[in-house]
Amino acid sequence: MILYSTADKTHQVAFKQAILHSLAPNKGLYVPVEIPEIQKGKLEDLLKLPFQEMVVQLTNYWLGNEFTIGQLERLVGDVLDFPAPLIKVTENISSLELWHGPSMAFKDFGARFMASFMSYYWQQQNDSKLTVLVATSGDTGGAVAAGFYNVPSIDVIILYPKGRVSDVQEKQLTTLGNNITALEVDGTFDDCQDMVKAAFSDPRLNAYYNFSSANSINIARLIPQSFYYFEGFKQLDLYDRSCVFCVPSGNFGNLTAGLIAQQMGLPIDRFIAATNLNNTVPRYLQTGRYEPMTSIKTLSNAMDVGKPSNFERIIALFPGFEGLRDLISGHVTTDTKTLACIKKVYEEHGYLLDPHGAVAYDALDNFLSKHDGYAGVLLETAHPCKFLDVMYQVVDRDSVPIPNKVRKLMDRNKVATPITADYSSFYSYLMDQR
């Protein structure tokens with residue numbers, strides 16, 4: 001598997017280098033030179049497999065020239081050992097539940113896959129520590145903390161915006177300790193992301209650290225996220241209808257993964273990029289102008305991203321404004337609509353959406369009201385219990401199940417180091433720890 005940098009197509013590396021270094025030296029993102037294509041007959045056979053077996057086979061399409069099937073079974077066979085069920089909500093809308101992993105968020109798929117390969121590659125070549133830097137708007141931090149906890153030879157530093165993650169999300173990323181460190185940034189997710197990118201390209205820090213990232217800037221996060229599109233499609237009963245996948249979008253890694261799945265051969269007819277008021281990409285789809293914005297705090301906090309990194313990949317992989325508009329619809333949902341959607345869907349259909357799933361439901365319901373002949377799938381990206389302060393505004397407390405692991409988590413003490421939102425604060429912290 002060969003990848004090129006979005007900033008310089010002549011800069012090409014193997015998967016091993018891309019996963020260990022995350023960001024290209026010229027600050028570009030790594031993109032596959034070629035997306036493997038699955039022929040129709042083989043796709044039909046693939047979709048008959050149980051999810052874990054399908055994961056091994058899909059990984060083989062990407063890395064089969066580097067690993068045997070036996071090696072891939074050892075690396076990823078048990079990594080995604082949790083389901084991704086498709087739940088029918090209405091006649092035309094189904095929810096692909098992606099929160100059945102350890103951190104109860106869709107990012108468990110990418111984090112656990114990445115931890116397995118990153119640890120394997122690093123231990124093959126080096127006795128020193130690898131330091132994984134992570135910026136989170138909510139769910140990435142918990143998933144990475146769980147996925148990399150106690151992984152040998154790897155330390156993780158998570159930057160999160162103060163006051164902009166839920167209580168459960170904060171506990172997930174600040175209470176593990178050991179090789180997991182949390183930095184509480186007095187700023188936005190975009191500030192956290194900018195500081196991580198700056199550290200990667202800082203020669204002073206790179207003299208002391210071996211850096212990588214577990215954000216979706218790392219291509220190893222996107223590849224496994226494409227797998228659950230196959231699992232969702234497999235469970236979808238189309239009855240000769242077209243299908244549309246609606247993706248609640250923040251940094252746009254999830255949508256990029258869906259586009260990759262489609263390019264591999266999965267017959268998804270259309271995507272909806274559903275955002276909250278951080279609507280940089282929906283505005284682009286309307287105007288053709290990409291204008292990043294300062295992120296706005298909303299109830300769907302994991303999507304509070306004004307400068308989505310992966311849009312750079314979308315443009316590289318799927319060039320042409322008109323082509324993107326033919327494939328992707330944009331939709332923006334306010335906090336008021338988010339709350340109303342959670343309440344309505346629960347009261348009318350008995351299904352509990354989290355705030356991000358509610359943004360997707362609102363977008364999908366709007367699309368289907370204007371387009372006949374589609375079966376709609378929304379990606380339900382996190383368990384509702386992670387957002388109790390939001391949920392309790394519109395449903396009673398007994399309506400939100402709280403797993404025992406969350407109850408135990410809330411009794412643990414938060415451990416986080418506060419820093420300001422300027423790079424010098426982050427730089428000083430890292431230099432002090434070297």
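Of the residues Tyr61, Phe117, Phe15, Trp62, the one that meets the ring pair (Phe, Tyr, Trp, His ring centres under 6.0 Å) test with Phe67 is Phe117. The residue from Tyr427, Tyr423, Tyr209 that alone fulfils the side chain to side chain donor-acceptor pair (under 3.5 Å) condition with Asp202 is Tyr423.
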Please assess Tyr429 against Thr181 for the test side-chain contact (heavy atoms from CB on, under 4.5 Å), listing each intermediate value before the final yes or no.
CA-CA 12 Å; Tyr429 171 83; Thr181 299; 3.3 Å; yes
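Looking at Pro32 and Met1, their side chains come closer than 4.5 Å, going by heavy atoms from C-beta outward. Inter-residue side-chain proximity for Leu364 and Leu368 is flagged as met; some heavy-atom pair is nearer than 4.5 Å. Proximity of Leu86 to Leu96: side-chain heavy atoms (C-beta onward) are separated by under 4.5 Å at one or more points.
One N or O on the side chain of Asn179 and one on the backbone of Phe148 form a donor-acceptor pair closer than 3.5 Å. Although no hydrogens or angles enter the test, the distance criterion places no donor-acceptor pair under 3.5 Å between the side chain of Ser249 and the main chain of Phe252. When atom types are taken as modelled, the side chain of Asn218 and the backbone of Ser22 share no donor-acceptor pair closer than 3.5 angstrom. Formation of a donor-acceptor pair under 3.5 Å by the Lys171 side chain with backbone atoms of Arg412 is found in this model. Judged by distance alone, with hydrogens and angles left aside, the side-chain atoms of Arg434 form no donor-acceptor pair with the main-chain N or O of Tyr208 at under 3.5 Å. A distance-only check finds a donor-acceptor pair linking the side chain of Arg313 to the backbone of Ile217 [under 3.5 Å].
Taking 4.0 Å as the cut-off between side-chain N and carboxylate O, Asp139 and Lys107 do not count as a salt-bridged pair. At a threshold of 4.0 Å, the pair Glu184-Lys414 counts as salt-bridged, since one of the basic side-chain nitrogens sits closer than that to a carboxylate oxygen.
Rounding to the nearest 0.5 angstrom, the gap separating the NZ atom in Lys386 from the CH2 atom in Trp99 is 12.0 Å.
The aromatic rings of His356 and Phe387 are tilted relative to each other, their planes meeting at an angle between 30° and 60°.
Between the side chains of Asp304 and Asn276, at least one donor-acceptor pair of N or O atoms lies under 3.5 Å. A side-chain donor from one of Thr6 and Glu312 sits under 3.5 Å from a side-chain acceptor of the other.
Remark: aromatic rings of Tyr30 and His21 are distant, center separation not under 6.0 Å.
Nearest heavy-atom pair across Gly187 and Pro161 is O-CB, 3.2 Å. Nearest heavy atom pair, residue Ala261 against residue Ser226, reads CB-O, 3.8 Å.
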